[in-house]
Amino acid sequence: MGKNKKNKIVLGAIGQQQEQQQQPPQQVPQSSQQQQQPQGQQHQQKGPKQHQQGPQQQQGPQQQPQGSHQQKGPKQHQQGPQQHQQGPQQQQGPKQYQQERPQQQPQGSHASHRDASVSSSKSGGSGDGTLQPIEENLAAMRISKEKIRRTDLRPVLVRRGAHGTRGKKVTVEANFFRLLLDKLKSIAYHYDVAIEPDRPKKFLRGVFAQFCRDNYPGALMAYDGQKSAYTTRKLSDKKGKVMYQPDDGGKAKEYTVHVKEAAQVDLGVLKTYSNLNDASFAKPMSAIQCLDVVLRCAYENNSNFVRFKRCVYMVPQTSIDIGKGHELWYGLFQSAVLGSRPYINLDVSHKAFPCAAPLLKVIGDFNRGNLNQLNGWVVNELQSFLKGMDVIYKNPTGVTKRMRCNGLRDPANQQMFRMEDGTRLSVADYFEKHLKYRLRYPNLPVVHVGSTVRSIYVPPELCEIPGGQALTKNHPEECTRDIIRYAATNTQTRKQKIMDLASKIQYNKSPTLMDFGIAVGNEFEKVPARIIDAPPIEYARNEKIAPRSGVWRAEGKNFLMPSTELSRKQLTWRILNLDGYTNEATVKKFGEMLQQQAIRCNVQMAPFDMGSTNVLVRNPANALRDIGTLLEGIKKDNPTITIVILPSRGDAYAKVKQKAELASERIGLLTQCIKSITVAKKSTDMSTLNNIMLKINAKTNGANHCISQVAVPPLARGKVMYIGADVTHPLSDDIPSVVGVTALYDLIGFRYNCSVRLQGARDEMIRDLENIVHRQLLLYQQYNGELPERIMYYRDGVSDGQFAEILTIELQALHAAVARAKPGYKPALTFIVVQKRHHTRFFPHANGPSDGKNCNVPPGTIVDSEITMPDRYEFYLVSHAAVQGVAKPTKYVVLYDDSNCHPDQLQALTYNLCHLFARCNRAVSYPAPTYYAHLAAYRGRVYIKDRRINMNDLEKAYRDIQIISTVTDNNPMFFV
């Protein structure tokens with residue numbers, strides 16, 4: 001930035017998603033570099049080497065007694081009368097941290113403290129946050145699926161009585177209703193159902209129901225809509241043909257149905273399973289799956305409800321318009337689950353349904369009432385809205401037909417097609433000559449309907465959209481905003497909605513449920529809970545803040561370790577404005593305010609100057625096309641970070657990240673993207689500016705805050721590596737799934753590195769985990785001088801049915817990575833699944849404690865009994881304060897544990913990790929390593945956006961998106 005101060009680089013525009021400076025409910029981790037020692041003690045350790053802590057120092061993964069001070073964690077020096085001298089080395093860190101620190105408590109004295117977790121600011125490593133390159137072994141990369149026999153699957157951990165005791169004991173209500181099984185039949189018969197042809201799926205229930213009426217009169221069958229049916233009496237196997245006439249007026253079609261007995265299901269086990277010693281819970285799981293199908297029969301033939309996946313939606317009496325041709329429907333999610341007893345989990349659900357309306361009205365709504373001229377972007381929006389939807393076409397003679405829409409084509413007066421005699425006509429001419437109907441809007445695009453291989457085009461003025469279509473595709477963002485507004489209610493409103501919907505379904509009047517002997521209770525389950533304290537948050541100069549309701553204010557506090565104190569250089573920066581509507585005055589105001597906020601945080605950011613900091617974009621219209629050249633120009637000045645202002649529309653975010661970070665582009669710039677609307681409206685908002693600085697300091701290797709040492713439990717002391725893993729999946733099979741794995745590499749719980757992989761579409765198992773973790777272990781060893789003593793693996797995105805498979809594949813990979821790291825190396829390993837895709841909610845009971853305007857249970861609320869599986873090591877934790885609506889707890893299931901983690905310590909450690917997310921001063925809803933893994937996987941998806949990928953050569957596709965080392969090694973947390 002120095003020499004070319006007056007140079008202005010001319011850039012072009014971009015547009016898409018951005019790392020906008022919102023305030024997600026999250027927080028920042030601890031600083032890895034700052035070892036603060038009492039005044040005058042100038043012999044702090046210099047490198048990653050750790051000093052010996054006395055003759056009784058632990059060498060392995062064993063836990064220390066709570067009162068012991070021999071931990072090797074964040075504080076690496078003994079304090080008090082037995083404080084250990086570290087030798088003559090001088091500390092490499094900034095002078096500011098050579099200051100007095102309060103003496104640690106005497107040995108044994110903090111046994112009475114909360115066992116919160118994760119290390120504090122006193123790290124053994126004194127690196128500057130950068131990593132030395134360790135090449136990935138791409139030749140050994142694994143992508144393909146492995147075949148595993150069922151007999152080779154590892155059993156999930158069984159641990160009886162894995163319940164914590166710490167915290168304030170309270171009672172909360174959960175949206176679980178008891179299943180009343182006093183009259184339950186002891187045996188159910190399971191039948192395999194095969195229907196040919198097996199499409200369209202929406203007709204299979206009607207086909208099966210007609211087959212049962214013809215072949216099993218009087219039998220009550222519970223059918224799952226796919227391949228399974230259950231009944232309480234033995235039936236003979238049958239195969240026959242059905243001529244099915246759809247209700248929508250379509251053509252009758254012949255189907256072949258084959259029903260064959262598959263198994264007998266022991267339902268009686270649901271009354272006794274809590275006393276079984278069966279680690280797999282195979283019998284009760286089969287029984288509860290049967291009940292799950294049976295319970296859905298309560299609304300099977302009710303015309304007031306529309307089924308969609310695991311939910312059922314009630315036809316609204318009055319429409320709630322949420323724009324873009326959609327209306328909001330309320331519904332009920334249901335799932336039969338095993339806890340200490342069988343339950344049905346019920347939760348309110350919301351979905352956007354296309355409004356029933358003439359297609360002309362929809363087109364007018366999308367185009368501000370104009371039916372004469374459609375802009376290209378309007379056609380694209382309509383195309384996205386209509387594709388895959390059913391439309392009802394009524395021809396000029398009055399014949400109606402319901403058909404699938406494949407999209408829009410050219411205007412009716414331009415779209416040509418060939419008649420049977422070979423004549424070519426436009427659609428408009430065909431209607432006028434052959435149907436004697438002159439189109440009113442011949443300039444509107446025609447609708448392609450029916451088979452995709454046939455050219456059936458109809459004018460939109462003769463089409464209408466039928467209501468009640470539950471579509472799988474994503475609805476527009478504008479609809480999402482309105483859905484959230486309606487869905488984000490307080491706990492009492494949500495509870496009442498659930499109760500009202502459940503009463504309208506009338507479970508206990510269903511003939512099929514009565515035949516099976518099943519009834520449903522009428523109230524929420526009351527469960528014991530505990531509220532544990534949040535850990536104190538520590539900043540520079542040993543200043544501590546106690547979070548309140550999951551949030552803490554850090555005004556006036558310096559970052560624990562500003563990045564400029566590590567680098568001992570001023571933070572140089574550029575602003576690249578790619579938005580044509582954001583003027584120089586707005587950029588100048590934003591730049592000056594951000595630099596002032598940086599100084600308040602003790603980050604020595606270079607002063608803003610329009611002539612040098614700001615990069616002038618003379619022609620924003622061409623910026624996206626020229627983005628590579630423009631970033632190369634900035635690279636010549638080699639700023640520490642470049643702030644990129646993105647336009648509101650377009651694909652800018654992906655283009656910026658691809659050009660700036662991928663090795664194939666050969667640029668290598670650290671960037672921070674910000675929405676233009678944020679710059680325009682929030683440039684003086686202190687909270688927004690602080691959130692931007694949180695990200696900048698983390699990306700440039702600083703540490704924003706840490707957990708106070710008094711809150712670190714024995715489980716988190718010593719050399720602990722936290723690994724987060726997640727896989728994001730595409731909507732189609734021609735795009736790969738993207739793996740994100742992040743791993744802690746310092747000793748204070750703040751700095752993470754990341755790895756990204758591509759693998760087959762919708763493949764949840766991380767195939768190359770061994771190579772990923774092996775490299776991350778070497779990075780940890782390189783930075784700290786030693787390998788970790790304990791590995792805590794937090795795995796996101798895994799459903800209950802995948803537990804055994806994922807444990808078998810990924811635990812084996814973890815053990816293999818460990819074995820390769822060093823002969824005889826055997827760290828303690830804990831494998832924890834993190835689940836957010838569930839419908840469990842907690843509600844304050846009676847006058848129990850609540851938090852915020854929506855009366856949520858307070859952050860720190862833990863439930864680990866009653867609604868959890870007996871003998872499984874699992875718990876629910878509400879770690880965050882929900883910004884909107886009812887807080888969703890995160891569920892944690894321990895699949896493997898040779899650390900022998902005490903529930904209180906694991907729960908506290910997990911809660912602490914939720915306070916260590918670098919983007920804001922809030923506790924987040926799940927642990928930082930898992931959150932970072934999600935961000936890494938998302939970044940991988942950004943890298944492959946708009947790229948043609950050969951699904952048969954994903955190794956090459958991955959090579960094409962490798963991240964340049966000047967980004968990933970110099971700034972390992974570039975992805976936050």
Side-chain angles (χ1 to χ4, degrees), residues 27-37 44-48 50 73-77 90-102 118-131 535-545 552 554 556-571 597-605 640-641 670 690-709 711-712 744-753 783-784 912 915-921 928 932 970-974 976:
Q27 170 197 159
V28 190
Q30 0 177 75
S31 145
S32 135
Q33 310 313 324
Q34 68 183 59
Q35 309 180 31
Q36 303 183 6
Q37 299 253 20
Q44 289 189 311
Q45 79 186 62
K46 193 173 178 183
Q50 309 216 356
K75 284 198 182 178
Q76 299 301 328
H77 50 276
Q90 290 293 326
Q91 182 184 11
Q92 293 291 308
K95 216 179 262 182
Q96 174 180 343
Y97 289 89
Q98 307 278 1
Q99 59 189 10
E100 182 172 350
R101 257 189 118 68
V118 178
S119 327
S120 88
S121 59
K122 305 71 164 175
S123 167
S126 59
D128 61 1
T130 62
L131 293 169
I537 308 301
E538 187 169 321
Y539 285 86
R541 296 183 294 277
N542 200 29
E543 293 186 284
K544 297 182 179 65
I545 303 175
W552 62 96
K557 302 291 188 293
N558 291 160
F559 286 145
L560 183 66
M561 176 57 68
S563 61
T564 51
E565 296 210 357
L566 284 171
S567 65
R568 301 192 175 187
K569 293 188 296 187
Q570 194 176 50
L571 190 150
Q597 179 63 24
I599 299 303
R600 281 191 285 270
C601 298
N602 205 23
V603 174
Q604 302 308 310
M605 179 182 268
T640 311
I641 193 166
L670 183 65
N690 186 63
N691 283 346
I692 296 172
M693 283 310 306
L694 291 174
K695 295 183 70 176
I696 289 176
N697 192 54
K699 287 185 176 188
T700 55
N701 302 331
N704 304 344
H705 64 259
C706 71
I707 302 298
S708 175
Q709 179 68 12
V712 180
L744 183 74
Y745 69 90
D746 69 12
L747 292 176
I748 54 157
F750 186 78
R751 294 190 181 91
Y752 287 75
N753 63 78
Y783 195 79
N784 300 297
N912 276 17
H915 289 77
L916 289 173
F917 186 67
R919 285 185 168 187
C920 63
N921 296 333
Y932 290 146
N970 293 349
N971 302 97
M973 291 191 71
F974 69 94
V976 299

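Just so it is clear, the structure is predicted and the values come from calculations on it, not from any experiment.
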Do the side chains of [Y] and [X] get nearer than 4.5 Å, heavy atoms only?
X	Y	value
Phe750	Met973	yes
Met605	Met693	yes
Glu543	Ile545	no
Asn690	Cys601	yes
Asn753	Leu131	yes

[X] [atom1] to [Y] [atom2] distance, which is reported to the nearest 0.5 Å:
X	Y	atom1	atom2	answer
Lys695	Asn704	NZ	CG	12.0 Å
Lys569	Asp128	NZ	CG	9.5 Å
Ser563	Gln604	OG	CD	9.5 Å
Leu916	Ile707	CG	CD1	4.5 Å
Tyr932	Arg919	OH	CZ	9.0 Å
Tyr539	Asn921	OH	CG	4.0 Å

Could you tell me whether the side chain of [X] and the main chain of [Y] form a donor-acceptor pair under 3.5 Å?
X	Y	answer
Asn701	Asn971	no
Tyr783	Gly129	yes
Asp746	Gly749	yes

Using every non-hydrogen atom in the two residues, find where [X] and [Y] come nearest and quote the distance to one decimal.
X	Y	answer
Ser708	Val712	O-CG2, 3.9 Å
Glu565	Arg568	O-CG, 3.6 Å
Gln570	Thr564	C-CG2, 4.3 Å
Val976	Ala698	CG2-CB, 4.2 Å
Arg541	Asn558	NH1-OD1, 2.8 Å

Candidate pair Ile696 and Val603, rule side-chain contact (heavy atoms from CB on, under 4.5 Å), full reasoning: CA-CA 10 Å; Ile696 289 176; Val603 174; 5.8 Å; no
